[in-house]
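Shown next, in structure tokens, is the structure this report addresses.
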Amino acid sequence: MEVEKGSLLVVVIAGFVALYGFLKRANEWYYETRLGEKKFSLPPGDMGLPLIGNMWSFLRAFKSSDPDSFLNSFVKRYGRTGIYKAFMFGCPTIMVTIPETCRQVLMDDEQFGPGWPKSTLELIGKKSFIGISYEEHKRLRKLTAAPVNGPEALSMYMEYISKTVISALEKWSDMGEIEFLTQLRKLTFRIITYIFLSSEGDPVMEDLEREYTALNHGVRAMAVNVPGFAYHKALKARKKLVAILQFVLDKRRRNRESGKSQEKKDMMDSLMDVEDENGRKLNDEEIIDVLIMYLNAGHESSGHITMWATVFLQKNPEFFQKAKAEQEEIVKKRPPTQKGLTLKEYRQMDYLSKVVDETLRVVNISMVVFREALTDVKVKGFIIPKGWKVQVWFRNVHMDSEVHPNPKEFNPSRWDGFIPKAGAYLPFGAGSRLCPGNDLAKLEISIFLHYFLLNYRLERINPDCGMKYLPHPRPIDNCLARVRRNSSPSL
Ligand code: HEM
């Protein structure tokens with residue numbers, strides 16, 4: 001009897017092992033056999049279990065204290081090929097992870113188009129830049145990028161940004177304990193809505209900002225539309241955002257019809273006016289999706305990076321003093337008649353610029369971007385099959401010790417005389433989808449740090465608190481802190 005029980009157990013265990021082995025190979029059999037001979041040229045990798053693919057290990061790593069363990073496990077198993085096959089967000093996927101392979105994908109618009117997961121596309125909008133055709137993207141990008149970039153646009157916004165930063169810092173220093181990150185996100189949101197929806201009042205801005213927090217939590221989540229899941233909450237937030245922007249759009253149309261003119265033209269007006277070569281204007285859905293995308297992209301990342309740069313400086317007194325001395329020097333050289341910062345002074349912030357570059361590298365706020373192969377493409381001798389998704393892992397490039405020695409260390413001086421080779425530094429991406437807000441973002445972050453360094457310091461309540469890496473790296477407590485005004489401010 002005992003022997004029979006023992007053999008049954010062995011059979012059950014063997015059955016489970018065989019079933020697991022079968023399931024482990026199922027994705028590969030299903031997706032690779034359709035490729036015929038080409039399957040032998042796929043890069044190395046593993047496609048996980050059916051349906052969930054590698055999502056379980058991805059989420060496990062990004063919910064632990066070591067998010068890089070996800071890609072490191074590929075490097076350990078298959079070597080540093082810089083290109084691996086996987087199965088992510090419900091699709092067969094190729095991940096590119098080193099400068100050479102990332103750059104090739106980013107620079108080739110003929111063979112790679114956008115390939116964002118369903119959750120991102122539904123939430124940011126099918127008519128936003130990640131859902132429209134190549135030509136439409138080119139046209140709308142030209143129209144919308146100019147007003148946010150270039151010296152003329154930047155110097156126009158400097159005064160508003162400075163004024164907003166000065167009053168926010170004053171207010172926070174009177175507020176006691178604050179969630180520093182939450183307040184910074186509100187600040188950067190105020191700045192981006194000023195640029196895009198200048199004439200709308202505070203209540204509209206506050207309504208919009210509240211919904212964006214929920215939207216963002218769903219953007220990198222699995223598209224599970226069931227109550228309780230991040231994606232479900234985010235879809236609801238998107239509906240509210242659309243309703244608010246539709247309300248603003250309708251109001252503007254009514255005002256135009258009744259001859260009331262806007263005080264100042266902003267991005268919403270430009271999008272309402274633009275026509276293509278056949279005289280077609282954008283419809284409401286198109287205008288709203290472009291705005292939802294810009295308002296989202298334009299505040300989340302800048303808010304987070306500003307927080308991290310402040311935290312890193314405060315944690316490293318030597319860097320703090322060096323950055324502060326540079327700002328004091330700039331103020332000292334200023335003619336007495338000049339009020340406030342100028343673009344020329346901003347360009348003299350050599351050390352601060354390194355602080356921002358280093359923060360962008362270490363934090364990896366935009367850790368990965370998504371593409372799709374439009375044809376079969378050869379990358380580093382391997383094939384990326386037509387229709388497969390491609391993930392470009394910036395985070396891995398920035399955290400690779402062969403590219404940036406001692407990558408986890410925050411050290412602005414690593415940028416002294418260092419010009420990264422092509423593809424080795426990609427905080428804003430590259431190619432035709434390079435972030436159009438890169439200069440604006442660096443400017444806002446630097447203006448904040450200028451006033452902060454001169455007059456304030458940050459005291460975190462839980463300096464050792466844990467981290468969350470999704471959707472973006474942040475302290476669990478949203479950086480609970482006090483902003484203290486110095487007793488002898490430099491300005
Ligand atoms: C620290 C701040 C920021 C970081 C790290 C960042 C990062 C990025 C990255 C990596 C991309 C490339 C996406 C891709 O290749 O698919 C991107 C695209 C984009 N960013 Fe930013 N961004 C920042 C700030 C901003 C700001 C302030 C704006 C608004 C003015 C903005 C608007 C956009 C838009 C509209 C795109 C899509 C571009 C396209 O597809 O053509 N970003 N950003």
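Quick note: residue numbers are just sequence positions, from 1. All ligand and atom numbering here is 1-based and tracks the order in the structure.
- Atom numbering of ligand 1 starts at 1 in the shown order; those under 4.0 Å from a heavy atom of Arg141 are 38 (C), 39 (C), 41 (O).
- Protein heavy atom at the shortest distance from atom 2 (C) of ligand 1 is Ser301 CB, 3.4 Å.
- Atom 23 (C) of ligand 1 has its closest protein heavy atom at Cys435 SG, 3.7 Å.
- Ligand 1 places these atoms under 4.0 Å from at least one heavy atom of Phe129: 38 (C), 39 (C), 40 (O), 41 (O).
- Salt bridge annotation for Glu286-Arg280: present, with a cationic side-chain nitrogen under 4.0 angstrom from a carboxylate oxygen.
- Side chain to side chain, Ser173 and Tyr456 fail the donor-acceptor criterion of an N or O pair below 3.5 Å.
- If you check which protein heavy atom lies closest to atom 24 (C) of ligand 1, you get Ala297 O, 3.7 Å.
- No side-chain N or O of Glu372 forms a donor-acceptor pair with one of Trp388 less than 3.5 Å apart.
- Closest protein heavy atom to atom 26 (C) of ligand 1: Gly298 CA, 3.5 Å.
- Counting only heavy atoms of the protein, atom 7 (C) of ligand 1 lies nearest to Pro427 O, 3.5 Å.
- Within 6.0 Å of atom NZ in Lys378, 12 or fewer heavy atoms from other residues, nucleotides or ligands are found, so the atom counts as exposed in its surroundings.
- From the protein, the heavy atom lying nearest to atom 5 (C) of ligand 1 is Ile365 CG2, 3.3 Å.
- If you number the atoms of ligand 1 from 1 as listed, the ones under 4.0 Å from a heavy atom of Phe394 come out as 10 (C).
- Under a 4.0 Å criterion applied to the non-hydrogen atoms of Met293, ligand 1 contributes the atoms 35 (C).
- In terms of polar-atom proximity, defined here as any N/O pair under 3.5 Å, Tyr294 makes no such contact with ligand 1.
- Ion pairing of Asp109 with Lys138 is absent here, as no side-chain N (NZ or NE/NH1/NH2) approaches a carboxylate O to less than 4.0 Å.
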Determine, stepwise, if the pair Thr213 / Arg185 fulfils side-chain hydrogen bond (donor to acceptor under 3.5 Å, both in side chains).
-> CA-CA 9 Å; Thr213 310; Arg185 286 176 57 227; 3.1 Å; yes

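- Between Asp68 and Arg395 there is a salt bridge, since a side-chain N of the basic residue sits under 4.0 Å from a carboxylate O of the acidic one.
- Protein heavy atom at the shortest distance from atom 12 (C) of ligand 1 is Arg433 O, 3.5 Å.
- Salt-bridge annotation for Arg361 and Asp357: absent, with no side-chain N of the basic residue lying under 4.0 Å from a carboxylate O of the acidic one.
- Under 4.0 Å from ligand 1, not a single heavy atom of His299 appears.
- Of all atoms in ligand 1, listed by their number and element, those nearer than 4.0 Å to a heavy atom of Gly429 are 10 (C).
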Given the rule in the side-chain hydrogen bond (donor to acceptor under 3.5 Å, both in side chains) test, do Asp66 and Asn72 qualify, once you have shown the distances and angles that lead to the verdict?
-> CA-CA 10 Å; Asp66 183 14; Asn72 286 346; 5.2 Å; no

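- Checked against a 6.0 Å centroid threshold, the rings of Tyr84 and Trp393 do not count as neighbours.
- The atoms of ligand 1 that sit less than 4.0 Å from any heavy atom of Pro436 are 19 (C), 20 (N), 33 (C), 34 (C), 35 (C), 36 (C), 38 (C).
- Per-residue contacts place Trp116 under 4.0 angstrom from the following atoms of ligand 1 (heavy atoms of the residue considered): 16 (O).
- Salt bridge annotation for Lys127-Asp284: absent, with no cationic side-chain nitrogen under 4.0 angstrom from a carboxylate oxygen.
- Near His137, with a cut-off below 4.0 Å to any heavy atom, the atoms of ligand 1 are 39 (C), 40 (O), 41 (O).
- Closest protein heavy atom to atom 15 (O) of ligand 1: Arg371 NH2, 2.8 Å.
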